[in-house]
Participant: 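Structure provided below as structure tokens; questions to follow.
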Amino acid sequence: MSMTRFQVEGLHLLGYTKRQSEFLFLVATHSGYFTNRQFKSFAQTESGSVSHAFIRKLLEEKHVSYHAYRSGGRVYHLFARKVYQAIDRENLRTRKKHELEYVKTRLVALDFVLAHPQHRYLETEPEKVGFFEKEYNVRRDTLPVKLYRARKSAEVTPRYFVDRFPIFLSQGSAPPVLTFTYVDSGAVTLDGFSTHLRAYLGLFQAVRRFEFLYIAPTTRLFQAAESEFHHVLYGRREQSKSVSLLEYFHLRKAWDGKERVASADVVLLKEAQEQYAGRNFEELYERWRKGSAKDSDVMRVAEQPFDAPRSVFRTLVCGSSLKIFTDPLGITAESSPEAEFNDSLSQVSGSRSVEVSGS
């Protein structure tokens with residue numbers, strides 16, 4: 001955990017102990033949502049009074065809201081601006097209300113982080129962008145990005161790594177291994193995973209060596225996910241041999257210049273963009289477009305053997321917190337300690353149940 005003394009003191013001024021502050025820091029940074037069980041696991045306690053007092057304070061101070069599910073369990077949402085301000089995380093979108101699928105994904109991500117505290121996580125957007133720019137000389141147009149348009153103006157703001165899946169350096173090896181992750185909270189198909197891989201493809205090409213960890217609560221899609229991973233990273237280049245590098249440059253130049261491009265060529269252009277993703281191709285294109293590189297230079301690069309990224313694909317079963325949506329303790333909710341705990345909290349909070357959209 002990279003929590004600074006300033007951040008600890010900021011939460012301490014709000015009335016939280018060191019251990020409680022550390023947990024809130026992890027929730028704010030990696031999730032925004034948490035369960036009572038996750039706090040107990042982090043605090044290494046089974047005492048109901050310990051977690052009761054903690055959540056009671058959060059509710060009294062209006063730092064969290066909650067949604068009660070049919071199982072009798074509750075998911076808490078850390079939304080208070082003053083908490084995020086105290087740890088210099090005010091701009092995180094986790095303060096906002098989200099769809100149920102997002103909530104589940106964040107809970108699984110928090111499960112993983114709580115179970116693997118030894119890693120050095122790249123925690124924020126600026127930290128991730130700065131890391132890849134400094135360590136790998138990656139340009140920002142290679143990073144996974146989403147554009148947000150302001151409601152009251154035409155201003156467009158690029159935001160990087162908006163998925164906020166854990167990216168970390170394993171401290172148990174020398175040198176540390178860079179690991180990307182994808183968090184699946186129980187998807188029916190791999191559509192989201194495929195989209196994610198394509199968004200990161202340019203970065204994978206630039207990094208060259210890394211591990212990729214597919215995290216899910218069941219093994220159902222593990223084999224298919226591994227096949228899709230290798231297909232996107234290594235298969236598409238072989239698939240698109242009909243588009244040479246020089247042809248791609250000419251098509252892209254026409255497209256960038258807003259010239260008329262045939263529909264069939266638009267399809268080829270999209271395939272070629274995935275085929276030739278990476279900083280080296282981007283720099284060569286810019287030099288060729290400006291005239292400092294000739295057609296022969298482009299053809300010579302294209303004839304060189306393809307140096308594919310060296311990656312290791314791994315899978316991990318994780319997501320025990322999702323049991324909160326069925327039966328929080330594996331027994332009937334009405335007769336469980338969790339139910340009694342929730343009843344007492346209803347008295348504390350005045351039954352302030354904040355709906356999570358999509359539930």
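Starting from 1, each residue takes its place in the sequence as its number.
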Participant: Could you check E46 against R37 for salt bridge (Lys or Arg N to Asp or Glu O under 4.0 Å), going step by step and ending with a plain yes or no?
Facilitator: CA-CA 9 Å; E46 286 298 323; R37 270 298 182 190; 2.8 Å; yes
Participant: Are E101 and K104 ion-paired here, with the side-chain N under 4.0 Å from a carboxylate O?
Facilitator: no
Participant: With sequence neighbours left out, write down each residue that passes side-chain contact (heavy atoms from CB on, under 4.5 Å) with P158, or none if nothing qualifies.
Facilitator: V145, L147, Y160
Participant: Listing request: all salt bridge (Lys or Arg N to Asp or Glu O under 4.0 Å) pairs with a residue in residues 75-91, at least two apart in sequence or in separate chains.
Facilitator: R81-E90, R89-E123
Participant: State, to 0.1 Å, how close C318 and V108 come at their nearest heavy-atom pair, and which atoms those are.
Facilitator: O-CG1, 3.6 Å
Participant: What I want to check is whether the side chains of Y121 and H30 have a donor and an acceptor closer together than 3.5 Å.
Facilitator: no
Participant: T157: which residues meet the side-chain contact (heavy atoms from CB on, under 4.5 Å) condition with it, sequence neighbours left out?
Facilitator: E155, R159
Participant: Check whether more than 12 heavy atoms from other residues, nucleotides or ligands sit under 6.0 Å from atom NE2 of H250, and answer yes or no.
Facilitator: yes
Participant: May I ask you to decide if the ring planes of H98 and Y102 are parallel, tilted or perpendicular, using 30° and 60° as cut-offs?
Facilitator: parallel
Participant: For E211, what residues pass the side-chain contact (heavy atoms from CB on, under 4.5 Å) criterion, not counting sequence neighbours?
Facilitator: V177, T179, V312, R314
Participant: What residues, two or more places apart in sequence or in another chain, satisfy side chain to side chain donor-acceptor pair (under 3.5 Å) together with D184?
Facilitator: Y214
Participant: For F168 together with F112, are the ring centres under 6.0 Å from each other?
Facilitator: yes
Participant: Please name all residues satisfying side-chain contact (heavy atoms from CB on, under 4.5 Å) with D256, sequence neighbours left out, ordered by chain then number.
Facilitator: R252, Y285
Participant: With a 6.0 Å cut-off on ring centres, are F180 and F210 close enough?
Facilitator: yes
Participant: So F325 and S71, do their side chains get closer than 4.5 Å, heavy atoms only?
Facilitator: no
Participant: Given the side-chain rings of F23 and F34, with only the six-membered ring counted for Trp, is the space between their centroids under 6.0 Å?
Facilitator: yes
Participant: Donor-acceptor check, side chain of S31 to backbone of R106, threshold 3.5 angstrom: yes or no?
Facilitator: yes
Participant: Under 4.0 Å between a Lys/Arg side-chain N and an Asp/Glu carboxylate O for E22 and R19?
Facilitator: yes
Participant: Under the side-chain contact (heavy atoms from CB on, under 4.5 Å) criterion, do F39 and I55 qualify, and how do the steps go?
Facilitator: CA-CA 9 Å; F39 174 70; I55 295 180; 5.8 Å; no
Participant: Validate the cation-pi geometry between R289 and F249: distance from NZ or CZ to the six-membered ring centre under 6.0 Å, angle to the ring axis within 45°.
Facilitator: no
Participant: So do the side chains of Y84 and T94 get within less than 4.5 Å of each other, counting heavy atoms only?
Facilitator: yes
Participant: Applying the side-chain contact (heavy atoms from CB on, under 4.5 Å) test to F42, which of L110, L26, V27 qualifies?
Facilitator: L26
